[in-house]
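Each remark here refers to the structure printed beneath this line.
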Amino acid sequence: MKSGGVYIHVPFCTEKCMYCDFYSLSNREDSIDLFVKSLCKEIKLTSKKTNINWIIDSIFIGGGTPSLLSASQLEKIVKHLNQAYQLSNIKEFTIEANPGEFNENKMRDFKSIGVNRISFGFQSLNDRLLKFLTRWHSSGDCIKAYNSARKINFKNISIDMIFGIPNQSLKDWKKDLNSVVELDPEHISAYSLTVEKRTPLYKSVQSKSILMPHEEVDIQMYGHTMNRLNKDGYTQYEISNYSKKSKECKHNLHYWRREPYLAFGPSAHGYNEKQRYWNIRDLNKYIKILKSNKLPIDETETLSKENVFNEIILNGLRVKDGINLSKIKSQFDKDTFNNLSKKIDDWSNYLEDDKLRIKLNRKGYFIADEITLDLMNSYT
């Protein structure tokens, strides 16, 4: 039977980071209890209205800062999920956490509830850069949080890092990456800082009060990341994600493989194999709608054949497995397949092609967006 996941969005932060576009609210911790109550109601209502014909094998609680939840609040959420969907097949249960906000006692409690994977948002181990990013934790907090998780026997830890930060040198990035590799986590996510429109960073870049690094610096940092992590036993299984053997993020692979997942919480996005849907991006409205026994879905999108094709290309090129060409040939018309084949030939220097699958080679990773857009234009 097909497998899928559950995503839960917890929209609370101690402080909103200047680069973050995810829906989150600061100074609203007094609303967490009411949020949890509403979330449990959403889970119950969804289970009554939605039959799933797949097995749930992953849970990912993101945000915001999910580690702000208390153990009793998390336990309540898990209890409702289990009553609604029966969680005996869970292989991976991830919670995102900020260093400095996830103490040893809470880690131990969360582990006892079933959490078996922590994704720490370090972002940097340079205190100057952390301050620029408006992260309120320190590099010392990062190391302490990681060591605490190891102490209580978490065996699957991911660390998120950012490069391409204004005033970050290649030397700074190399030092950060060396420190992370020395910690020896099972999984590392390394993202280039993106300037999102709904952020203070965007306004500062537009006004030129902040200058982003030159593209060449970003390319050098990305190239070094691939070299360093591949050398140290991490496989690049997705454009920005690296893992030790068998430690890929199962939940994120559901996204990239276009497998189904349920979504709960304000702004959370879900997929039922026919439609994509997303919840309202407003905590107060989310709570109000659920009080009236309605689901807080903002919009749904029924996928056209072109949408499906574009998603196969977009997601397939992101991962090391690549795109299954025989599936393209069987699912789409001859003209589309022929157009795609011609474009694959055009990009042959940047792709690995064994006539069964195509995937990006090392050079291709640097221009993935350009290749993706061109291949998506194959659809007729």
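As a basis for the values below, the full set of heavy atoms in this structure was taken, side chains included, without hydrogen atoms, waters or symmetry mates.
- Atom NZ of K144 has 12 or fewer heavy atoms from other residues, nucleotides or ligands within 6.0 Å.
- Panel note: side chain Y255, backbone Y261; no donor-acceptor pair is recorded below 3.5 Å.
- Between E104 and the options R150, K151, K111, a salt bridge (charged side-chain N to carboxylate O under 4.0 Å, His left out) holds for only K151.
- Residues I239 and Y222 meet the side-chain proximity criterion, which asks for heavy atoms closer than 4.5 Å.
- Here CH2 of W173 is found 8.5 Å from CD1 of I162. Values are rounded to the nearest 0.5 Å.
- A salt bridge (charged side-chain N to carboxylate O under 4.0 Å, His left out) with E273 is found for one member of R257, K2, R258 and no other, namely K2.
- Ring geometry for H254 against H251 counts as perpendicular: the plane angle is over 60°, on a 0 to 90° scale with 30° as the lower cut.
- Between the side chain of Q168 and the backbone N or O of G164, at least one donor-acceptor pair lies under 3.5 Å.
- Ring planes of F309 and F332: perpendicular class, angle over 60° (limits at 30 and 60°).
- Side-chain N/O atoms of T94 and R117 include a donor and acceptor closer than 3.5 Å.
- Below 30°, between 30° and 60°, or above 60°: for F35 and Y286 the angle between ring planes is between 30° and 60°, a tilted geometry.
- Note on ring orientation: taking the six-membered ring where Trp is involved, the planes of H187 and Y237 are perpendicular (angle over 60°, cut-offs 30° and 60°).
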